[in-house]
Amino acid sequence: QAQLVESGGGLVQAGGSLRVSCAASERLFSSYAMGWFRHAPGKEREFVAAISWNGDKTNYADSGKGRFTIAADNAKRMVYLQMNSLTPGDTAIYYCAASGPVPGRISSADFVSWGQGAQVTVSS
């Protein structure tokens, strides 16, 4: 059984918006935070955003600041990434990730479990 399942990817025109969602298994109950990463062809995997399950701590990569918003619903074990003003440069597979249990650890290196990814394609 997959522990992290992404949904909501797709094709959108430049300037448009898209929301990707992630359902987290109860097996990840002990994780402190959830995050999103992306991997574009020919590039290394890149941190996008992260949020603690209680929502009191967030972290964004510069590439998404002002355009992307991460949100978590602890009761539903769901995490969302709202992406606005998308550009072709945002085209990538977007991966949901769960951190370890240590409170306050929300940097890109703190994530240990990964979903299968959702393709986001932005056309020009």
Side-chain angles (χ1 to χ4, degrees):
Q1 181 180 359
Q3 299 187 66
L4 295 169
V5 180
E6 299 94 338
S7 61
L11 174 65
V12 63
Q13 289 188 333
S17 298
L18 200 64
R19 188 179 80 161
V20 287
S21 303
C22 175
S25 165
E26 288 297 323
R27 293 183 183 181
L28 296 172
F29 176 79
S30 63
S31 64
Y32 167 74
M34 298 295 292
W36 288 95
F37 291 71
R38 66 186 184 184
H39 191 188
K43 297 184 178 180
E44 294 187 355
R45 186 174 64 193
E46 176 188 20
F47 170 77
V48 176
I51 186 169
S52 57
W53 269 118
N54 65 9
D56 68 343
K57 195 172 180 70
T58 59
N59 186 15
Y60 289 93
D62 288 343
S63 59
K65 285 181 180 177
R67 299 189 302 128
F68 295 178
T69 302
I70 189 169
D73 185 333
N74 198 358
K76 296 181 179 179
R77 303 296 291 177
M78 294 292 296
V79 181
Y80 309 96
L81 183 68
Q82 177 67 42
M83 300 180 286
N84 300 325
S85 302
L86 286 161
T87 73
D90 295 314
T91 295
I93 299 175
Y94 282 71
Y95 294 91
C96 178
S99 77
V102 179
R105 301 291 294 269
I106 201 172
S107 70
S108 59
D110 296 318
F111 291 86
V112 298
S113 298
W114 304 88
Q116 295 299 306
Q119 178 69 49
V120 172
T121 303
V122 184
S123 62
S124 58

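Positions are given from 1, in the same order as the sequence printed here.
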Hydrophobic cluster membership, Ile70 vs Phe111, 4.5 Å side-chain cutoff: no

Please report the interatomic distance OH(Tyr95) to CD(Gln116), rounded to the nearest 0.5 Å. 8.0 Å

Any link between Tyr60 and Val48 through a network of hydrophobic side chains (Ile, Leu, Val, Met, Phe, Trp, Tyr) touching at under 4.5 Å? yes

Given 3.5 Å as the limit, does a donor-acceptor pair link the side chain of Ser21 with the main chain of Gly8, or not? no

Ignoring hydrogens and geometry, is there a side-chain-to-backbone donor-acceptor pair from Glu6 to Cys22 under 3.5 Å? no

Rounded to the nearest 0.5 Å, how far does SG of Cys96 lie from CD of Gln3? 11.0 Å

Identify the two heavy atoms, one from Pro88 and one from Ser123, that lie closest to each other, and give their separation to 0.1 Å. CG-C, 4.4 Å

Distance-minimising heavy-atom pair for Ala33 and Ile106: CB-CG1, 4.1 Å

Out of Val20, Ile93, Thr91, Leu81, which one pairs with Val120 under the side chain to side chain contact (heavy atoms under 4.5 Å, CB included) rule? Val20

Looking only at non-hydrogen atoms, find the nearest pair between Ser17 and Asn84 and report the distance. OG-OD1, 2.8 Å

Minimal non-hydrogen separation, Arg77 against Ser31, with atom names: NH2-OG, 4.3 Å

Could you tell me if the side chain of Leu4 sits less than 4.5 Å from the side chain of Met34, heavy atoms only? yes

What orientation do Phe37 and Phe47 show, parallel under 30°, tilted 30 to 60°, or perpendicular over 60°? perpendicular

Where is the tightest heavy-atom contact between Ser85 and Arg67, given as atom of each residue plus distance? O-NH1, 3.0 Å

Can you check whether Trp36 reaches Met83 side chain to side chain, under 4.5 Å on heavy atoms? no

Give, for atom CZ of Arg19 and atom CD of Gln82, the distance between the pair rounded to the nearest 0.5 Å. 7.0 Å

State, to 0.1 Å, how close Tyr32 and Arg105 come at their nearest heavy-atom pair, and which atoms those are. CD2-O, 3.6 Å

